[in-house]
J.: 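Okay, here's the structure, questions in a sec.
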Amino acid sequence: MNQSPIVRGLRLWAEGLLLLALRWAQLQSGFDPATGLSQKSLPGLLLPAAILLLAALEAVFALRFPKGKQTYAACFAAPGYLPLLAGGGLLMAAGAVLLPGWSVLHIAAAVGGVATAAGLVLFARIVRGGGAVKCLPLIPAMLFGVLFLLAIYLPEGSNPVLARYYLPVLAAAAADCAIYQLAGIALGECGLRWFSWLGGLAVPLCLAALADCTENPGWALVFLGWALVLTVFLLLRRTPEAEAA
C-alpha cells in the first residue's frame, strides 16, 4: 500500500465526517415533520451515492492485498496503539451498559460489551507479548456485534420508512462482519482482503451513524468504539509478504 498507516486512518475518519454531515442534513430536511415519511432531499440522494462510492474505493484498496488465507502475524504488526484499542473497547462497554431497555437482549448486550473490552485488551497483550494468536479473546466482540445489531434493528423492523433507520443497521452489520473476518484471520482461515474492505467501510459508516444517536448516547458510544477499534487494526495491517522481511 502506498499510503502510510496514519494517512489511511485520517482518510477513513475524513470520509466518516463527510457521511456524518450528509446524514445530519438528511435527518433535518429529508423527512416530513408531520408524517415522518421520507421526502426528496439533496443530502438524502447524496448519502447513498457517497456510501456506494466509498465501498467501491475501499474495494480497490483491498484488492491490492493478495488473496487466500493468511495468518495474523503475517497481516498485522505488533499492537502499537494499545491505548486507542483499550479506549475503543471501554467506549463499547460503556455504550452497551447505557443501551435503553431491560430486556434479555439488552442485558446480554451489556454483558457482551463489557466482555468485549476485556477481550480486546487481552488479545492485544497476547499479540504484543509474542504469544500464540487465537480468536478466543475476539469471541465476545463477535457476539456483542450480533446483539448490538439486533438491539438496533428489532425496534425498527416494522418501520416502513427504511431511510429512517438503514444507516445505523448498515453500520452495525459492517462492523460485526469486519470483526468476524478479523477473528477468521486469527484462526488462519481468512485473508486480509475481506477485512480491509469491510473494516474500511465500517469505520466511516459508524461515524456517520452518530447522527442518528442524538437521543441515544449508548448507541453513540458503541459506534465510536467500533470506529476506534477497527481503525487500530486497519492501522496495524501490512502486506503478508512483510512477514518474511
J.: State, with a plain yes or no, whether a side-chain heavy atom of L37 is found less than 4.5 Å away from one of F31.
T.: no
J.: Could you tell me if the side chain of Y166 sits less than 4.5 Å from the side chain of D212, heavy atoms only?
T.: no
J.: For F195, does the six-membered ring have the charged nitrogen or CZ of R237 within the cation-pi criterion, i.e. under 6.0 angstrom from the centroid and within 45° of the normal?
T.: no
J.: Is L17 reachable from L46 through a run of I, L, V, M, F, W or Y residues, each pair having side-chain heavy atoms under 4.5 Å apart?
T.: yes
J.: Of the non-hydrogen atoms in A202 and L230, which two are nearest, and what is the gap between them?
T.: CB-CD1, 3.7 Å
J.: So, do L136 and I139 sit near enough that their side-chain heavy atoms are less than 4.5 Å apart?
T.: yes
J.: Evaluate the side chain to side chain contact (heavy atoms under 4.5 Å, CB included) criterion for residues L99 and L105: first the C-alpha distance (whole Å), next the side-chain angles of each, then the deciding distance (0.1 Å), finally the verdict.
T.: CA-CA 10 Å; L99 290 178; L105 174 62; over 6 Å; no
J.: Evaluate V111 against V114 for side chain to side chain contact (heavy atoms under 4.5 Å, CB included), listing each step before the verdict.
T.: CA-CA 5 Å; V111 174; V114 174; over 6 Å; no
J.: Spell out, as yes or no, whether a donor-acceptor pair under 3.5 Å connects the side chain of T116 to the backbone of P140.
T.: yes
J.: Between L167 and Q26, is any pair of side-chain heavy atoms under 4.5 Å apart?
T.: no
J.: With a 4.0 Å cut-off, would you call E189 and K69 a salt bridge?
T.: yes
J.: Indicate if L22 and V161 have the same hydrophobic cluster label, given that clusters are the connected sets of ILVMFWY residues with side-chain heavy-atom separations under 4.5 angstrom.
T.: no
J.: Students often mix this up, so state it plainly: with edges at 30° and 60°, are the rings of W219 and F223 parallel, tilted or perpendicular?
T.: perpendicular
J.: Run the numbers on L84 and T231 for side chain to side chain contact (heavy atoms under 4.5 Å, CB included), then give the verdict.
T.: CA-CA 9 Å; L84 285 178; T231 297; over 6 Å; no
J.: Can you confirm whether L221 sits close enough to M92 that some side-chain heavy atom of one is under 4.5 Å from a side-chain heavy atom of the other?
T.: no
J.: What is the minimum heavy-atom distance between Q70 and C75, and which atoms define it?
T.: CB-SG, 3.3 Å
J.: If I compare all heavy atoms of C206 with all of A175, which pair ends up nearest, and what's the gap?
T.: SG-CB, 4.1 Å
J.: Taking the six-membered ring for Trp, are the ring centroids of Y153 and F148 within less than 6.0 Å of each other?
T.: no
J.: Below 4.5 Å, heavy atoms only, C-beta onward: do E15 and L12 meet side chain to side chain?
T.: yes
J.: Taking the inter-plane angle between the rings of W194 and W197 on a 0 to 90° scale, is it parallel (under 30°), tilted (30 to 60°) or perpendicular (over 60°)?
T.: perpendicular
J.: As a quick check of understanding, evaluate side chain to side chain contact (heavy atoms under 4.5 Å, CB included) for N159 and R164, giving each step before the final call.
T.: CA-CA 8 Å; N159 189 338; R164 176 68 72 177; 4.2 Å; yes
J.: Which heavy atom in F123 sits nearest to a heavy atom in P137, and how many Å separate them?
T.: CB-CB, 3.8 Å
J.: Distance-only, no hydrogens or angles: does the H106 side chain make a donor-acceptor pair with backbone N or O of P100 under 3.5 Å?
T.: yes
J.: Any link between L90 and L210 through a network of hydrophobic side chains (Ile, Leu, Val, Met, Phe, Trp, Tyr) touching at under 4.5 Å?
T.: no
J.: Identify the heavy atoms of Q181 and G191 that sit nearest to each other, and give their distance.
T.: OE1-O, 4.4 Å
J.: Do the side chains of L234 and R8 get nearer than 4.5 Å, heavy atoms only?
T.: no
J.: Can you list every pair that meets side-chain hydrogen bond (donor to acceptor under 3.5 Å, both in side chains) and has a residue in residues 131-145, with sequence neighbours left out?
T.: none
J.: Take a 6.0 Å sphere around CH2 of W24 and say whether it holds more than 12 heavy atoms from other residues, nucleotides or ligands.
T.: no
